[in-house]
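Side chains included, hydrogens not; waters and symmetry mates left out as well; all remaining heavy atoms used.
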Amino acid sequence: MGTVKGYMIEVDRPSVLQEVIQSLSQHSQKEWQPVNHSQLWVGNRLFFDCLSFWSEYYSLENWDFYEAVKLGSEIEKMNHVTFHEVVARRPVLWVDEIIQRDQIHMMYQPIVHVEHKQTIGYEMLARALKPDGSLISPALLFESARNQSELFRLDRTCRIKGIQAGQQLSQEQLIFVNFIPTSIYIPEHCLQTTMKAAYENGIDNSRIVFEVVETERVDNLEHLKRILLYYRREGFRYALDDVGEGFNDLSTLLALEPDVVKLDRKFVKNIHLDKEKRDRAEKIYRLTSSMNAIALAEGIESAEEARILREIGYDWQQGYYYGKPSFSPSSNSEVFL
């Protein structure tokens with residue numbers, strides 16, 4: 001069994017240690033381990049992942065940090081390092097610079113109600129700019145944020161930006177905002193800026209639909225439920241993305257009781273030519289309806305796909321057929337059956 005490098009943290013109060021442990025509870029205990037009533041060991045990657053969050057809510061200058069390695073359940077404490085030395089050891093944070101320079105922008109993709117023939121809302125899609133003004137793909141942006149320990153700050157920034165972008169919509173339209181559950185450590189702390197953004201921009205909480213994205217898999221379902229219940233208590237709605245495969249399987253759907261269920265686009269593409277896809281879409285629609293949730297089909301690219309999905313019951317639809325993402329709410333997305 002090899003050694004795992006990390007840091008031993010010594011906090012100033014036992015109550016703070018309990019809060020820090022709570023912020024780590026969603027992660028595997030292979031990555032962290034309590035030592036005593038005031039000390040905690042955290043592996044390098046998780047340590048730097050959480051550093052931004054901790055620095056937002058605690059005075060880290062009052063903590064002591066030690067280089068430490070873990071061998072099995074044994075922790076060996078080594079050299080003392082200051083908080084400023086710890087910060088200096090973080091990777092080069094170009095994602096941090098993008099956030100500080102306000103280079104993250106939102107694109108709008110319409111969501112339509114085909115029976116009512118209206119655009120009922122928009123999904124807000126984060127895009128960032130390179131120094132030359134060209135776009136960075138969202139996959140690259142979030143992968144870089146994870147590698148550079150900035151996922152907490154990036155996801156928070158995108159949530160705030162998405163809500164701010166909702167000012168461009170009419171008061172009746174919904175604002176779909178993506179979020180990564182693993183970037184939210186303690187909902188009551190992490191989501192305060194989200195609440196503040198809605199209030200400061202004059203947007204009623206009921207218009208905001210927070211969407212759990214598929215790309216960040218959640219090991220701790222109870223942690224995700226705690227986040228979603230917090231949103232619901234505050235008057236927000238929430239959606240599960242990519243339902244039908246992977247993390248958002250049907251058992252998870254039942255456990256989380258979302259307000260909106262987004263059918264995985266793999267069951268949308270060429271659904272008019274594939275009976276198995278249609279059967280799967282029908283099953284998910286029936287389950288969604290039994291939960292009194294709204295079924296939404298995304299990734300629609302043709303009139304044939306839109307027609308079949310409407311026949312099944314998917315009145316809420318989204319995809320290139322209705323409008324590609326743009327930096328302003330599109331005026332030409334009113335394409336209906």
Side-chain angles (χ1 to χ4, degrees), residues 106-127 135 137-143 174 176-180 209-218 238-254 256 258-291 293-326 329-330 332-337:
M106 285 291 143
M107 300 188 81
Y108 301 73
Q109 186 172 30
I111 296 170
V112 305
H113 192 304
V114 292
E115 183 178 355
H116 295 168
K117 298 187 176 182
Q118 62 182 188
T119 300
I120 56 171
Y122 288 82
E123 181 176 354
M124 304 303 177
L125 302 169
R127 299 294 184 267
L135 287 175
S137 76
L140 176 60
L141 177 65
F142 281 90
E143 179 184 1
L174 299 174
F176 280 70
V177 178
N178 294 315
F179 82 96
I180 299 173
V209 183
F210 287 105
E211 188 170 327
V212 184
V213 298
E214 164 71 15
T215 53
E216 295 296 329
R217 299 186 179 252
V218 177
Y238 58 86
L240 289 189
D241 193 20
D242 298 329
V243 169
E245 286 290 324
F247 163 69
N248 285 334
D249 61 15
L250 301 187
S251 61
T252 304
L253 181 63
L254 287 169
L256 297 179
D259 300 286
V260 179
V261 172
K262 298 186 80 171
L263 177 66
D264 191 325
R265 66 184 63 229
K266 73 174 290 183
F267 300 114
V268 170
K269 187 173 178 61
N270 293 324
I271 189 173
H272 55 293
L273 303 175
D274 192 320
K275 184 179 184 302
E276 288 187 8
K277 289 183 178 181
R278 177 163 185 160
D279 290 344
R280 188 69 165 177
E282 288 176 345
K283 180 178 180 180
I284 293 171
Y285 176 78
R286 288 194 300 270
L287 181 57
T288 300
S289 298
S290 72
M291 298 167 53
I294 296 171
L296 191 162
E298 64 178 338
I300 296 172
E301 297 185 1
S302 71
E304 292 82 3
E305 292 169 350
R307 177 179 57 80
I308 293 295
L309 287 159
R310 185 183 181 188
E311 288 177 0
I312 294 172
Y314 289 87
D315 287 329
W316 287 26
Q317 299 189 3
Q318 177 185 0
Y320 282 8
Y321 177 64
Y322 297 103
K324 294 183 179 181
S326 62
S330 55
N332 60 346
S333 63
E334 307 297 325
V335 179
F336 298 101
L337 300 179

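- Tyr321 has its side chain out of reach of Ser302: every pair of non-hydrogen atoms, C-beta onward, lies at least 4.5 Å apart.
- Atom CD of residue Glu115 and atom CD of residue Gln118 lie 10.5 Å apart, to the nearest 0.5 angstrom.
- The minimum heavy-atom distance between Glu301 and Glu305, with the atom names listed, is N-OE1, 2.8 Å.
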**Message:** Evaluate Asp241 against Phe176 for side chain to side chain contact (heavy atoms under 4.5 Å, CB included), listing each step before the verdict.
**Reply:** CA-CA 11 Å; Asp241 193 20; Phe176 280 70; over 6 Å; no
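- Expressed to the nearest 0.5 Å, how far CZ of Arg310 lies from CD1 of Ile300 amounts to 11.5 Å.
- Partner Val212 forms a side-chain contact (heavy atoms from CB on, under 4.5 Å) with one of Val243, Asp242, Leu240 and no other, that one being Leu240.
- Contact between Gly323 and Gln109 at its shortest, heavy atoms only, is O-NE2, 3.2 Å.
- Side-chain atoms of Pro325 and Tyr122, non-hydrogen and from C-beta on, never get closer than 4.5 Å to each other.
- The heavy-atom pair separating Leu263 from Ala297 by the smallest distance is CB-CA, 4.3 Å.
- Scanning both residues, Pro138 and Ala126, for their nearest heavy atoms gives CB-O, 4.0 Å.
- Between Ile284 and Val261 there is a side-chain heavy-atom pair separated by less than 4.5 Å.
- Salt bridge annotation for Arg280-Glu276: absent, with no cationic side-chain nitrogen under 4.0 angstrom from a carboxylate oxygen.
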**Message:** Show, in sequence, the C-alpha distance, side-chain angles and deciding distance for Asp279 and Lys283, and conclude whether the salt bridge (Lys or Arg N to Asp or Glu O under 4.0 Å) test is met.
**Reply:** CA-CA 6 Å; Asp279 290 344; Lys283 180 178 180 180; over 6 Å; no
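- Evaluation of the side chain to side chain donor-acceptor pair (under 3.5 Å) rule for Glu123 yields Asn178, Lys262, Gln318 as partners, not counting sequence neighbours.
- To the nearest 0.5 Å, atoms OH (Tyr108) and CE (Met124) are separated by 5.0 Å.
- Between Leu309 and Ala281, the shortest heavy-atom contact is CD2-CB, 4.5 Å.
- Here the shortest heavy-atom pairing between Ala295 and Thr288 reads N-CG2, 3.7 Å.
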**Asked** For Phe267 and Asp274, what are the C-alpha separation, side-chain angles and deciding distance, and is it a side chain to side chain contact (heavy atoms under 4.5 Å, CB included)?
**Response** CA-CA 9 Å; Phe267 300 114; Asp274 192 320; over 6 Å; no
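- Remark: Trp316 CH2 to His116 NE2 distance equals 10.5 Å, nearest 0.5 Å.
- With sequence neighbours left out, Tyr285 forms a ring pair (Phe, Tyr, Trp, His ring centres under 6.0 Å) with Tyr314.
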**Request:** Step by step, work out the side chain to side chain contact (heavy atoms under 4.5 Å, CB included) result for Arg278 and His272.
**Result:** CA-CA 8 Å; Arg278 177 163 185 160; His272 55 293; over 6 Å; no
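- With contacts defined as side-chain heavy-atom distances shorter than 4.5 Å, the pair Val177/Tyr238 does not qualify.
- Residues Gln317 and Ile111 have side chains not in contact (no heavy-atom distance under 4.5 Å, counting atoms from C-beta outward).
- Atoms CD and CG, from Glu143 and Leu141 in turn, are 10.5 Å apart once rounded to the nearest 0.5 Å.
- Contacts of Phe210 classified as ring pair (Phe, Tyr, Trp, His ring centres under 6.0 Å), with partners at least two apart in sequence or in another chain: Tyr231, Phe236.
- Checking side-chain atoms of Lys277 against main-chain N and O of Lys269 turns up a donor-acceptor pair under 3.5 Å.
- No side-chain donor-acceptor contact under 3.5 Å links Asp315 to the backbone of His113.
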**Request:** Begin with the C-alpha distance, continue with both residues' side-chain angles, and end with the deciding distance and a verdict on side chain to side chain contact (heavy atoms under 4.5 Å, CB included) for Val114 and Val112.
**Result:** CA-CA 6 Å; Val114 292; Val112 305; 4.0 Å; yes
